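Fair warning: this is a prediction, and the values are worked out from it, not measured in the lab. All residue numbers refer to positions in the sequence shown, counting from 1.
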Amino acid sequence: MSEVDRIKRIIPIMNEVSPTFCLAKWHHSSIYLHTGQTHSCYHPRPHSIPLDEIKLNPSALHNTSTKKQERALMLVGEKPSGCKYCWNVENLSDTHISDRMIRNQSIYTPERLKDITDHTWQYDINPEYIEIAFSNECNFKCGYCHPMSSSSFQNEIKSFGPYETVKNHRLDIEWFKPFQEEDNPYVKAWWEWWPEMSKTLNILRVTGGEPLMHKSTWGLFDNLRNDPRPNLELNLNSNLGVKNAFVVKLTDNVNDLLANKKIKRFKLFSSMDTWGARAEYIRTGLDLEIWEKNLDTYVTNTRSPVAFMCTFNILSVTSFTQFLEKVLEWRAKYNHLFLDGTSERKIRFDTPYLKEPLQYDMHILPKEEFLPYFDQILQFIQDNQDDNDPTKFSDLEYERFRRVRDYFATEHYTDERITEGRKDFFNWFTEYDYRRDCNFLKTFPEMAGFWHKCQMEAKIAA
């Protein structure tokens with residue numbers, strides 16, 4: 001049975017609870033300890049975790065009053081507004097697969113579903129999946145990121161001030177101050193919750209910032225070495241732009257934990273939205289030569305899967321096929337190392353689309369000019385698609401990008417919103433080039449017409 005078929009098989013089971021029910025609201029949690037925020041997946045905006053709640057109940061790092069109210073809505077078939085990413089996909093047609101459906105399939109067991117339906121929405125639950133960030137320390141400053149998640153970006157704003165010429169993504173930083181790892185009440189609550197929560201936790205994913213630069217990440221490895229969790233899958237997000245010595249240290253830790261059955265398995269995730277100079281433009285600090293060396297060090301020494309998180313955005317559109325060509329190259333190069341008798345892909349990628357900031361949103365592009373790029377990408381995937389060959393693209397990878405293509409083709413913003421986005425696009429990247437000593441038109445010459453269109457919008461608005 002294909003992944004798509006498995007997902008479709010679970011849909012009617014979830015619909016028996018409600019047509020908007022999502023197990024992720026109960027069993028998935030992303031927690032940012034350095035800012036005291038959480039959400040159930042990365043689509044809704046994070047919300048604050050009240051300090052008074054975690055003092056009484058450390059599980060309130062996940063079981064916040066806000067999430068409980070959203071759970072209450074889902075149980076009666078209503079749609080929490082923060083989950084509009086999936087509602088938008090599901091509104092396209094009955095054939096499109098949303099992340100809600102994918103997560104329901106990946107989380108579902110009869111026991112988990114019964115545990116939820118047997119209790120009220122006020123119930124505190126230990127999730128099966130947690131994504132945790134200990135700090136915002138990071139050596140990259142990706143353009144659509146935020147100083148809350150990147151100390152390098154935070155330092156840029158301290159030096160230059162916010163991007164005052166734009167309405168979206170100004171990046172004022174006076175309103176927040178990240179906690180330091182050593183003196184953080186949210187970190188304290190995390191370790192108070194850990195002994196009980198980790199007994200039933202299936203997947204722990206460490207993110208950042210850049211987690212290989214965080215003391216708590218290495219402390220977690222030590223903790224697992226001394227107090228094993230043999231049923232735990234440990235995941236880690238890394239930009240793979242750090243010194244190779246950090247990656248060697250990671251491989252040593254991973255191999256030790258796996259060989260001694262201290263954890264069940266390990267997966268590495270890294271972000272990449274396109275390839276070549278365009279990728280380095282999006283992610284200031286990225287050196288693709290270093291990145292590929294680190295990728296090779298990790299894969300050849302651990303033989304553990306790697307997944308690429310592609311936040312498909314306006315700067316991915318014209319060159320994403322180049323990245324897909326690299327995926328096929330890496331699959332051909334590395335998949336033979338994983339001789340486990342399955343057709344599971346060890347080099348993986350996902351293509352969620354970016355919703356904000358507006359100047360990075362693909363929907364401000366002229367559809368008639370840029371839709372052909374989407375069609376070319378989809379055709380490239382289809383031309384290299386074989387669900388049974390791990391060196392080719394899977395049916396689910398095709399479906400995931402098909403929804404991106406169709407959403408671009410069918411979603412229509414108001415003229416006012418498009419004008420606002422294009423004005424911000426020109427003003428943002430003009431300032432971006434100045435601050436980071438780069439050149440948009442040199443890097444994206446195929447987008448010159450769109451650039452000048454945005455320049456005119458900005459001049460008219462001024």
Asks: Mind checking whether R345 and E397 have side chains closer than 4.5 Å, heavy atoms only?
Replies: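 With C-beta onward as the side chain, the pair touches.
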Asks: Quick check: closest heavy atoms across P228 and K262, and the distance to 0.1 Å?
Replies: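 Scanning both residues, the minimum pair turns out to be CG-CD, 3.3 Å.
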Asks: Mind telling me whether W26 and F21 have parallel, tilted or perpendicular rings, with 30° and 60° as the class edges?
Replies: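 Rings of F21 and W26: tilted, 30 to 60°.
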Asks: Where do L212 and S238 come nearest, in terms of heavy atoms and distance?
Replies: CD1-OG, 3.6 Å
Asks: What are the two closest heavy atoms between H39 and Y42, and how far apart are they?
Replies: CE1-CA, 3.5 Å
Asks: For H146 and L171, indicate whether the former's side chain and the latter's backbone hold a donor-acceptor pair under 3.5 Å.
Replies: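 Between the backbone of L171 and the side chain of H146 there is no qualifying donor-acceptor contact (under 3.5 Å).
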Asks: Any side-chain heavy-atom pair from K423 and E420 closer than 4.5 angstrom?
Replies: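 Of all side-chain heavy-atom pairs linking E420 with K423, none is under 4.5 Å.
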Asks: Please determine which of R205, K267, K264 meets the salt bridge (charged side-chain N to carboxylate O under 4.0 Å, His left out) test together with E233.
Replies: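 For E233, the salt bridge (charged side-chain N to carboxylate O under 4.0 Å, His left out) check succeeds only for K267.
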Asks: Do L258 and V254 touch side chain to side chain, with heavy atoms closer than 4.5 Å?
Replies: yes
Asks: Do the charged groups of R331 and E325 touch, with an N to O distance under 4.0 Å?
Replies: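 E325 and R331: not salt-bridged.
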Asks: Are the side chain of T64 and the backbone N or O of K67 linked by a donor-acceptor pair below 3.5 Å?
Replies: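 Yes: the side chain of T64 pairs with the backbone of K67.
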Asks: Run N235 and R265 through side chain to side chain donor-acceptor pair (under 3.5 Å) and show every step you take.
Replies: CA-CA 8 Å; N235 299 170; R265 67 174 63 92; over 6 Å; no
Asks: Of all the heavy-atom pairs spanning M362 and F408, show the shortest one and how long it is.
Replies: O-CE1, 3.1 Å
Asks: For the rings on H169 and Y144, is their centre-to-centre separation under 6.0 Å?
Replies: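 Judged by ring-centre distance (under 6.0 Å), H169 and Y144 do not meet the cut-off.
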Asks: Assess, by modelled atom type and distance only, whether the side chains of K114 and T109 contain a donor and an acceptor separated by less than 3.5 Å.
Replies: no
Asks: At their closest point, which heavy atom of S40 faces which heavy atom of H28, and how far apart are they?
Replies: O-CB, 3.1 Å
Asks: Looking at Y353, F323, F374, which one forms a ring pair (Phe, Tyr, Trp, His ring centres under 6.0 Å) with F312?
Replies: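 The passing option is F374.
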Asks: Should the ring pair W291 and W330 be called parallel, tilted or perpendicular, given that the plane angle runs from 0 to 90° and is split at 30 and 60?
Replies: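 Aromatic pair W291/W330 classed tilted.
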Asks: Is it the case that the side chains of Y123 and N63 hold a donor-acceptor pair, with the cut-off being a distance below 3.5 Å and no angle test?
Replies: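 Side chains of N63 and Y123: no pair found under 3.5 Å.
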Asks: What I'd like to find out is whether the side chain of L232 reaches to under 4.5 Å of the side chain of N202, using heavy atoms alone.
Replies: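 No. Closest side-chain heavy atoms not under 4.5 Å.
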Asks: T95 and S93: side chain to side chain donor-acceptor pair (under 3.5 Å), yes or no, with the steps?
Replies: CA-CA 5 Å; T95 67; S93 77; 2.9 Å; yes
Asks: Taking only Lys NZ, Arg NE, NH1 and NH2, and the carboxylate oxygens of Asp or Glu, determine whether K199 and E196 approach each other closer than 4.0 Å.
Replies: yes
Asks: Does a donor on one side chain and an acceptor on the other come within less than 3.5 Å for Q359 and N168?
Replies: no
Asks: Is there a side chain to side chain donor-acceptor pair (under 3.5 Å) between S216 and E181? Walk through the geometry before answering.
Replies: CA-CA 7 Å; S216 296; E181 284 187 76; 2.6 Å; yes
Asks: Are T410 and D406 linked by a side-chain donor-acceptor pair shorter than 3.5 Å?
Replies: no
Asks: Can you check whether F179 and Y186 have ring centres sitting under 6.0 Å from each other?
Replies: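 Yes, close enough.
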Asks: May I ask you to establish whether K79 and W87 are in a cation-pi arrangement, using a distance under 6.0 Å from NZ or CZ to the six-membered ring centre and at most 45° from the ring axis?
Replies: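 Geometry flag: set, cation within 6.0 Å and 45°.
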Asks: Under 3.5 Å, is there a donor on one side chain and an acceptor on the other for T318 and E446?
Replies: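 On atom types as modelled, these side chains qualify, holding a pair under 3.5 Å.
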Asks: Does either side chain, that of R229 or that of N223, offer a donor lying less than 3.5 Å from an acceptor on the other one?
Replies: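 N223 and R229 do not have a side-chain donor-acceptor pair below 3.5 Å.
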Asks: Quick one: pull up CG in N239 and SG in C142 and give me the separation to the nearest 0.5 Å.
Replies: 7.0 Å
Asks: Do E137 side-chain atoms and S150 backbone N/O form a donor-acceptor pair below 3.5 Å?
Replies: no
Asks: Any sub-3.5 Å donor-acceptor pair from S152's side-chain atoms to C138's backbone N or O?
Replies: yes
Asks: Name the one of Y281, Y360, F425, F440 that satisfies ring pair (Phe, Tyr, Trp, His ring centres under 6.0 Å) with Y432?
Replies: Y281
Asks: For K326 and E329, run salt bridge (Lys or Arg N to Asp or Glu O under 4.0 Å): C-alpha distance rounded to whole Å, both residues' side-chain angles, the deciding distance at 0.1 Å, then the answer.
Replies: CA-CA 5 Å; K326 292 296 293 187; E329 176 187 319; 3.1 Å; yes
Asks: Do the non-hydrogen side-chain atoms of N139 and M213 ever get within less than 4.5 Å of each other?
Replies: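 Counting from C-beta outward, N139 and M213 do come under 4.5 Å.
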Asks: Judged by modelled atom types alone, do Q379 and D375 share a side-chain donor-acceptor pair under 3.5 Å?
Replies: no
Asks: So, T251 and T302: side-chain donor and acceptor under 3.5 Å apart, yes or no?
Replies: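 Not at all, the side chains of T251 and T302 share no donor-acceptor pair under 3.5 Å.
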Asks: Can you check whether E128 reaches L23 side chain to side chain, under 4.5 Å on heavy atoms?
Replies: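 The answer is no, as the side chains (C-beta and beyond) never meet within the 4.5 Å cut-off.
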Asks: Give the C-alpha distance, both sets of side-chain angles, the deciding distance and a yes or no for side chain to side chain donor-acceptor pair (under 3.5 Å) between D387 and Y398.
Replies: CA-CA 10 Å; D387 209 43; Y398 175 85; over 6 Å; no
Asks: Would you say R45 has more than 12 foreign heavy atoms packed within less than 6.0 Å of its CZ?
Replies: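 Atom CZ in R45 is not crowded, with 12 or fewer foreign heavy atoms closer than 6.0 Å.
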Asks: Tell me, with the steps shown, if E399 and R402 meet salt bridge (Lys or Arg N to Asp or Glu O under 4.0 Å).
Replies: CA-CA 5 Å; E399 288 298 325; R402 184 172 74 93; 3.0 Å; yes
Asks: Please say whether more than 12 non-hydrogen atoms of neighbouring residues, nucleotides or ligands are located less than 6.0 Å from NZ in K167.
Replies: no
Asks: Is a side-chain donor or acceptor of H96 paired with a backbone partner of Y407 at a separation under 3.5 angstrom?
Replies: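 Absent.
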Asks: Decide, yes or no, whether a salt bridge links D350 with R400 under the criterion of side-chain N to carboxylate O below 4.0 Å.
Replies: yes
Asks: Write down the atom of D273, the atom of S316, and the distance for their closest heavy-atom approach.
Replies: O-OG, 3.1 Å
Asks: Would you say the side chain of T117 lies within less than 4.5 Å of the side chain of L75, judging by non-hydrogen atoms?
Replies: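 L75 does not reach T117 side chain to side chain.
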Asks: Is it true that D424 and Y163 share a donor-acceptor pair across their side chains at a distance under 3.5 Å?
Replies: no
Asks: Could you check E292 against K333 for salt bridge (Lys or Arg N to Asp or Glu O under 4.0 Å), going step by step and ending with a plain yes or no?
Replies: CA-CA 13 Å; E292 274 204 280; K333 180 178 181 179; over 6 Å; no
Asks: The test is salt bridge (Lys or Arg N to Asp or Glu O under 4.0 Å); show your working for D361 and K355 and say whether it passes.
Replies: CA-CA 6 Å; D361 188 334; K355 298 179 294 183; over 6 Å; no
Asks: Is N57 reaching over with its side chain to a backbone N or O of E53, donor-acceptor style, under 3.5 angstrom?
Replies: no
Asks: Quick one about N313 and T311 (side-chain donor to acceptor, distance below 3.5 Å, no hydrogens or angles considered), yes or no?
Replies: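 On atom types as modelled, these side chains do not qualify, holding no pair under 3.5 Å.
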Asks: Under 3.5 Å, is there a donor-acceptor pair between the W193 and N126 side chains?
Replies: yes
Asks: For E411, is there any backbone N or O sitting under 3.5 Å from a side-chain donor or acceptor partner on K367?
Replies: yes
Asks: Is I107 close to Y129 at the side-chain level, that is, under 4.5 Å between some pair of heavy atoms?
Replies: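 Of all side-chain heavy-atom pairs linking I107 with Y129, none is under 4.5 Å.
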